[in-house]
Amino acid sequence: MYIVQIAPECAPVAKVGGLGDVVFGLSRELEIRGNEVHIILPKYDCMRYDQIWGLQVSMRDLWVPWYNGAVHCTVWFGFVHGRKCFFIEPHSQDNFFNRAHYYGFPDDVSRFAFFSKAALEFLLKDNRRPDIIHCHDWQTGLVPVLLYEQYAQAGMHWQRVCYTIHNFKHQGLTGEYVLWAVGLTNIGNYFNFDRLRDNFNPTAVNLMKGGIVYANFTTTVSPTHADEARFTDQGYGLNHALDVHKGKFGGVLNGIDYDVWNPEVDPHIPSRYGLDSLDQKYANKEALRDRLLLRKEFKPIIAYVGRLDSQKGVHLIHHAIFYALRNNAQFVLLGSSPESHTNQHFWNLKRHLNDNPDCHLELAFDEDLSHLIYAGADMIIMPSLFEPCGLTQMIALKYGAVPIVRSIGGLKDTVFDKDYDGKPWEERNGFVFYNADHAGLESAMYRAINLWFAYPDDFRQLMVHGMKYDYSWCRPGQDYMNIYEHIRCK
Ligand SMILES: Nc1ncnc2c1ncn2[C@@H]1O[C@H](COP(=O)(O)OP(=O)(O)O[C@H]2O[C@H](CO)[C@@H](O)[C@H](O)[C@H]2O)[C@@H](O)[C@H]1O
């Protein structure tokens, strides 16, 4: 099959969070299964160009219709760790992708609406006719809309779209101007409740809703979150649209790429280890302490790695730091936030804890350091308010860092409580709590820290159970293949 991914991120060249990992890992798995896979991305100025091999012009002049005119673009091609990627570079005074950051601009909707249109225009003009177009999140919600309403008539009649939602909170709500911009000028036809009009904000166009309505199949990234999105407030107002289109909506649990996230071969950590050489994990704990200037005492390290977004339970992360320190544990945090007040909060906290030898807050995005943290930490904490899937806990399991998580979304599908889960002991792999409050968090942290000190053999056994889980792309890869087979034009 020929599959094209249209996405705003792809790890490690352009990664803000888990979406980038998924685009890379899934593409790799699909290639292993014998498919031809291409990835189309914006050509951001802030990408990691050191991660692209053989970058060269693929199409010098691509004219993308935009409002009443057209924008001149150049399309580049390069390999990202073996993946075949095309990068779209518009030459216009809007400077859509030369902003030093990926997201967070007032015209984000225009930037990614343009990208969606440009990706399809490129496929059309370069005579590429994939069996499946797989697009991701609100940024590419217009892809199935434009394919069906414009590009099908222009020669792309056989292409089918799988649309994956990684985060329902950001839906691309905007004014009807965006429809003019991409040439959907028969506004009334699209700006109605059956199609792109937002159900709760009737003056707004909702790009994610458009994606759900027009895609041949929509997925989110875990089975539990698929239910949450349909039946609870975690659908952020899209419950009705999901219900109407329930026949083509489902949850597929993400995988992680064990070529990248594997302590047996990880080039970013000083001491490699696996199930048969677990003791070597502790050299990484020492290395982590050396690097972050933590004192060397007989204590567990609890870590948080992730975006500092309200989704992640920022107030509980804050509380976890102090609870850990009060209970004889060390705490390491690696995270950054696009919201200035959250950043400010953690910078203040960092200053406050600056002299504490048991704590380090690294307020940055640092992929290399994240590997060392997973390898050096004894436990990882994820007190998310909602979590469509969560890759952090799956990576942690592979590295023998026991996850302490809230029972929500994909966390519920992947972490099974040591004391209370119905599964047999060999299949229990972490600590789970329910209420998003201090008492809930403390109940799980207390059990985890206590086990580490009082029953080290049991703790080690829990690490082993986690490391034995297979959360690779193998199964989800097959799930996506089944979806593609189901929707493709035969
Ligand atoms: N400061 C930092 N430095 C280095 N690395 C950092 C980092 N902050 C985050 N990361 C890395 O980014 C990834 C985070 O992935 P997650 O799935 O946990 O969260 P995210 O909310 O971004 O993803 C969304 O999409 C994914 C993919 O579908 C869903 O799993 C998830 O639930 C949904 O919220 C991990 O690989 C982590 O190591």
Check side chain to side chain donor-acceptor pair (under 3.5 Å) between T342 and all other residues, then give those that pass, not counting sequence neighbours. E339

H318 vs H345 aromatic rings, parallel, tilted or perpendicular, using cut-offs 30° and 60°? tilted

Residue pairs, two or more places apart or on separate chains, that pass ring pair (Phe, Tyr, Trp, His ring centres under 6.0 Å) and touch residues 228-257: Y236-F386

Basic-acidic side-chain contact under 4.0 Å: K15, D21: yes

How close do G409 and S222 get, counting heavy atoms only, and between which atoms? C-OG, 3.8 Å

Can a salt bridge be assigned to the pair D131 and R160 using a cut-off of 4.0 Å between side-chain N and carboxylate O? no

Would you call the rings of W473 and Y480 parallel, tilted or perpendicular, where under 30° means parallel and over 60° means perpendicular? tilted

Do Y44 and Y102 have their ring centres less than 6.0 Å from each other? yes

Does some side-chain heavy atom of P476 sit less than 4.5 Å from a side-chain heavy atom of E29? no

Go through the steps for R488 and I132 under the test side chain to side chain contact (heavy atoms under 4.5 Å, CB included), then give the verdict. CA-CA 7 Å; R488 81 188 272 200; I132 298 292; 4.1 Å; yes

Measure the acute angle between the ring planes of F112 and W138, then classify it against the limits of 30° and 60° as parallel, tilted or perpendicular. perpendicular

Quick one: are W180 and T185 in side-chain contact, heavy atoms under 4.5 Å? yes

Would you say the side chain of L385 lies within less than 4.5 Å of the side chain of I408, judging by non-hydrogen atoms? no

Just by distance, with hydrogens left out, do H341 and Q344 show a side-chain donor and acceptor under 3.5 Å apart? no

Is the side chain of N482 donor-acceptor paired with the backbone N or O of D479 at a distance under 3.5 Å, no angle test? no

Taking the six-membered ring of Y258 (Phe, Tyr or Trp), confirm whether the NZ or CZ of K398 is under 6.0 Å from its centre and within 45° of its axis. yes

Around atom CG of N68, are there more than 12 heavy atoms of other residues, nucleotides or ligands at under 6.0 Å? no

Evaluate the side-chain proximity of H134 to F217: yes if any heavy-atom separation is below 4.5 Å, no if none is. no

Please determine whether the number of non-hydrogen atoms from other residues, nucleotides or ligands lying under 6.0 Å from atom OH of Y434 exceeds 12. no

With the threshold set at 4.0 Å, does a side-chain nitrogen-carboxylate oxygen contact exist between R99 and D107? yes

Run the salt-bridge test on D368 and R48 with the 4.0 Å N-O cut-off and return the result as yes or no. no

Spacing of I3 atom CD1 and I39 atom CD1 [to the nearest 0.5 Å]: 11.0 Å

With a 3.5 Å cut-off and no angle check, do the side chains of D266 and Y374 form a donor-acceptor pair? no

Taking D108 for its side chain and Y103 for its backbone only, find out whether a donor-acceptor pair lies under 3.5 Å. no

Ion pair D309/K312, N-O distance below 4.0 Å: no

Which distance, rounded to the nearest 0.5 Å, do you find between the CG of L142 and the OH of Y190? 11.5 Å

E9 versus H136, side-chain donor and acceptor atoms under 3.5 Å: no

Counting neighbours of CZ on F200 that are heavy atoms of other residues, nucleotides or ligands and sit closer than 6.0 Å, is the number greater than 12? no

What are the two closest non-hydrogen atoms of I40 and A119, and how far apart are they? CG2-CB, 3.9 Å

Is it true that K125 and E121 make a salt bridge, defined as a side-chain N closer than 4.0 Å to a carboxylate O? yes

Using the side chain to side chain contact (heavy atoms under 4.5 Å, CB included) rule, take M394 and N254 through it: C-alpha gap first, then chi angles, then the decisive distance, then the call. CA-CA 9 Å; M394 297 202 271; N254 283 335; 4.1 Å; yes

Can you list every salt bridge (charged side-chain N to carboxylate O under 4.0 Å, His left out) pair that touches residues 66-85, not counting sequence neighbours? E31-R83, E36-K84

Can you classify the ring geometry of W53 versus H81 as parallel (below 30°), tilted (30 to 60°) or perpendicular (above 60°)? perpendicular

Atom OH of Y148: over 12 foreign heavy atoms under 6.0 Å: no

What closest approach, in Å, do L253 and C389 show between heavy atoms, and which atom pair accounts for it? CD1-SG, 3.9 Å

Examine distances only and state if a side-chain atom of D243 and a backbone atom of N239 form a donor-acceptor pair shorter than 3.5 Å. no

Ignoring hydrogens and angles, tell me if any N or O in the side chain of R197 forms a donor-acceptor pair with the backbone of F191 under 3.5 Å. yes

Backbone N or O of L363 within a donor-acceptor pair of the S336 side chain at under 3.5 Å? no

Work out which heavy atom in P8 is nearest to a heavy atom in T140; give both atom names and the distance. CD-CG2, 4.5 Å

Under 3.5 Å, side chain of Q150 to main-chain N/O of G183, donor-acceptor pair present? yes

Less than 3.5 Å apart, any donor N or O on the side chain of T219 or T164 sitting next to an acceptor on the other? yes

Nearest non-hydrogen partners of K248 and I212, listed with the distance: NZ-O, 2.9 Å

Side chain to side chain contact (heavy atoms under 4.5 Å, CB included) assessment of N35 paired with M481: CA-CA 10 Å; N35 301 288; M481 286 301 294; 3.3 Å; yes

Pairwise side-chain contact, C73 with W66, heavy-atom cut-off 4.5 Å (strictly under): no

Decide if atom NE2 of H101 counts as having more than 12 heavy atoms of other residues, nucleotides or ligands within a radius under 6.0 Å. no

Kindly compute the distance separating CD (Q159) from CG (L123), expressed to the nearest 0.5 Å. 8.0 Å

Taking K209 for its side chain and F193 for its backbone only, find out whether a donor-acceptor pair lies under 3.5 Å. yes

Compute the centroid of each ring, for Y323 and then for H438, and state whether the two points are separated by less than 6.0 Å. no

Positive for side chain to side chain contact (heavy atoms under 4.5 Å, CB included) with H166, one of L19, V23, T220: L19

Decide if atom NE2 of H91 counts as having more than 12 heavy atoms of other residues, nucleotides or ligands within a radius under 6.0 Å. yes

Would you say that W76 contacts Q56 through its side chain, given a criterion of any heavy-atom pair below 4.5 Å between the two side chains? no

Evaluate the criterion side chain to side chain contact (heavy atoms under 4.5 Å, CB included) for residue pair L242 and F168; output intermediate values, then yes/no. CA-CA 11 Å; L242 291 173; F168 279 93; 3.8 Å; yes

Hydrogens and angles aside, do R195 and N192 bring a side-chain donor and acceptor to less than 3.5 Å of each other? no

Taking the side chain as every heavy atom from C-beta outward, state whether V145 and V182 have any pair of such atoms under 4.5 Å apart. no

Without swapping roles, check the side chain of Y163 against the backbone of D137 for a donor-acceptor pair under 3.5 Å. yes

Any donor-acceptor pair under 3.5 Å linking the side chain of S116 with the backbone of Q139? yes

Is it the case that the side chain of D198 and the backbone of N206 share a donor-acceptor pair, with hydrogens and angles ignored and the cut-off at 3.5 Å? no

Does atom NE2 of H268 have more than 12 heavy-atom neighbours, drawn from other residues, nucleotides or ligands, at distances under 6.0 Å? yes

Can you name the nearest heavy-atom pair linking V16 to F365, along with the distance? O-CE1, 3.6 Å

For a 4.5 angstrom cut-off between non-hydrogen side-chain atoms, does C359 reach L325? yes

